Enquirer: 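My questions will all concern the structure given below.
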Amino acid sequence: MSNKHLKNTNPYNPLPEDFFQQPTLKLAEALLGCLLINETEEGIASGYIVETEAYMGPEDRAAHSFGNRRTKRTEIMFSEAGVAYTYVMHTHCLVNVVSGPTDKPEAILIRAVEPVDGIELMKKRRNIEIPKNLTNGPGKLTKALGITMGDYGRHFTEPPLLLVKGITPQEISRGKRIGIDNSGEAKDYPWRFWITDNPFVSRHRKKD
DNA sequence: CCTATGATTTACT
DNA sequence: GTAAATCATAGGG
């Protein structure tokens, strides 16, 4: 397979329909290397997913859906797998892939991507020049790709927000999640996955 | 209506 | 390393 990224004249290689049906922890791992694409009026921007975190719903204190908490915000997590859960954190929008069967409120946070298409557009949106800092964090990548609350509930299987087949990671690492120190025992669950040694991973811990 | 809080980023000591 | 920015969401009065 060509290593060059696909252009819109060449149809993207779609993920199999049952891709999103696999268990959340497996899906979190399987998403690594997939190409996340967003089309807006400004143009197309895309990147390979290099870091994810799983949020396991009722039993996960760190999840918004802990204890089956069901609100206007978390409602989408109870729907079918493969739709987008976007929400605002401080001043940033974060994007998740809803996972698990219907009524199981599980989701996978996309924490970092490696820029592929639309790099100039990303620089403009982020107002920086250094490619390395464009998408190496959950709030950064949404701004670079132009993902907003308007994408809440969109299906990743159809434009403008798309997940398609990308690259196959050479090696995958697994460790504790980030930024949930106030979540009791859940803070130590090893539900974060990343492509080993990828420079766009949001942050390196000494030990995971 | 009012207040607390955060799955972050950025700048600073 | 620490702290401030800054606002939608959630929950209580």
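Not measured: the values here are computed from a predicted model. Convention: sequence-line order gives letters A, B, ...; per-chain numbering from 1.
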Enquirer: For C/dA8, does either OP1 or OP2 sit under 4.0 Å from a side-chain N or O belonging to A/R73?
Expert: no

Enquirer: Output the rounded distance in Å from CE (A/M89) to P (C/dA10).
Expert: 14 Å

Enquirer: Base, sugar-phosphate, or nothing: which does A/N96 touch, judged by heavy atoms less than 4.0 Å apart?
Expert: base

Enquirer: Identify the pairs formed between an N or O of the protein and an N or O of nucleotides 9-11 of chain B at a distance under 3.5 Å, and give each distance.
Expert:
residue : atom : partner : partner atom : Å
B/dT9   : OP1  : A/P138  : N            : 3.2
B/dT9   : OP1  : A/G139  : N            : 2.6
B/dT9   : OP1  : A/K140  : N            : 3.1
B/dT9   : O4'  : A/H92   : NE2          : 3.2
B/dT10  : OP1  : A/R126  : NH1          : 2.9

Enquirer: Report the distance from atom NE2 of A/H90 to atom C1' of B/dG6, rounded to the nearest whole Å.
Expert: 5 Å

Enquirer: Using only side-chain N and O atoms of A/T91, determine if any of them is under 4.0 Å from OP1 or OP2 of C/dA5.
Expert: no

Enquirer: Mind checking A/L94 for me? I need base, sugar-phosphate or nothing, with any heavy atom below 4.0 Å counting as a touch.
Expert: sugar-phosphate

Enquirer: Has A/Q170 got more than 12 heavy atoms of other residues, nucleotides or ligands less than 6.0 Å from its CD?
Expert: no

Enquirer: Could you tell me how the ring of A/F156 sits relative to the ring of A/F20: parallel (under 30°), tilted (30 to 60°) or perpendicular (over 60°)?
Expert: parallel

Enquirer: Quickly work out the A/K176 NZ to B/dA7 C1' distance and round it to whole Å.
Expert: 17 Å

Enquirer: Which atom pair, heavy atoms only, marks the closest approach of A/E75 to A/Y152?
Expert: N-OH, 3.8 Å

Enquirer: Would you mind reading off the distance between A/R69 atom CZ and C/dT9 atom P, rounded to a whole angstrom?
Expert: 13 Å

Enquirer: Rounding to a whole Å, what distance do you find between A/Y87:OH and C/dT6:C1'?
Expert: 15 Å

Enquirer: Could you give the NZ-to-C1' distance, from A/K143 to C/dA5, as a whole number of Å?
Expert: 13 Å

Enquirer: Name the orientation class of the two ring planes belonging to A/Y189 and A/W191 (parallel below 30°, tilted from 30 to 60°, perpendicular beyond 60°).
Expert: tilted

Enquirer: Runs of at least three consecutive Watson-Crick or G-U pairs, both distances under 3.5 Å, are what I'm after; which ones involve DNA chain B?
Expert: B:1-6 with C:7-12, B:8-12 with C:1-5

Enquirer: Taking atom CG of A/N127 as the centre, does the number of heavy atoms from other residues, nucleotides or ligands within less than 6.0 Å exceed 12?
Expert: no

Enquirer: Using a distance-only test with no angle check, is there a side-chain donor-acceptor pair under 3.5 angstrom linking A/N136 and A/K132?
Expert: no

Enquirer: In whole angstroms, how far is the C1' atom of B/dG6 from the CG atom of A/D181?
Expert: 12 Å

Enquirer: Rounded to the nearest Å, what distance is computed from the OH atom of residue A/Y85 to the P atom of nucleotide B/dA7?
Expert: 9 Å

Enquirer: Answer yes or no: does atom CD of A/E17 have more than 12 heavy-atom neighbours from other residues, nucleotides or ligands under 6.0 Å?
Expert: no

Enquirer: What do you reckon, is NZ of A/K123 surrounded by more than 12 foreign heavy atoms closer than 6.0 Å?
Expert: yes

Enquirer: Under 4.5 Å between side-chain heavy atoms, counting indirect links through other Ile/Leu/Val/Met/Phe/Trp/Tyr residues: same cluster for A/L163 and A/V98 or not?
Expert: no

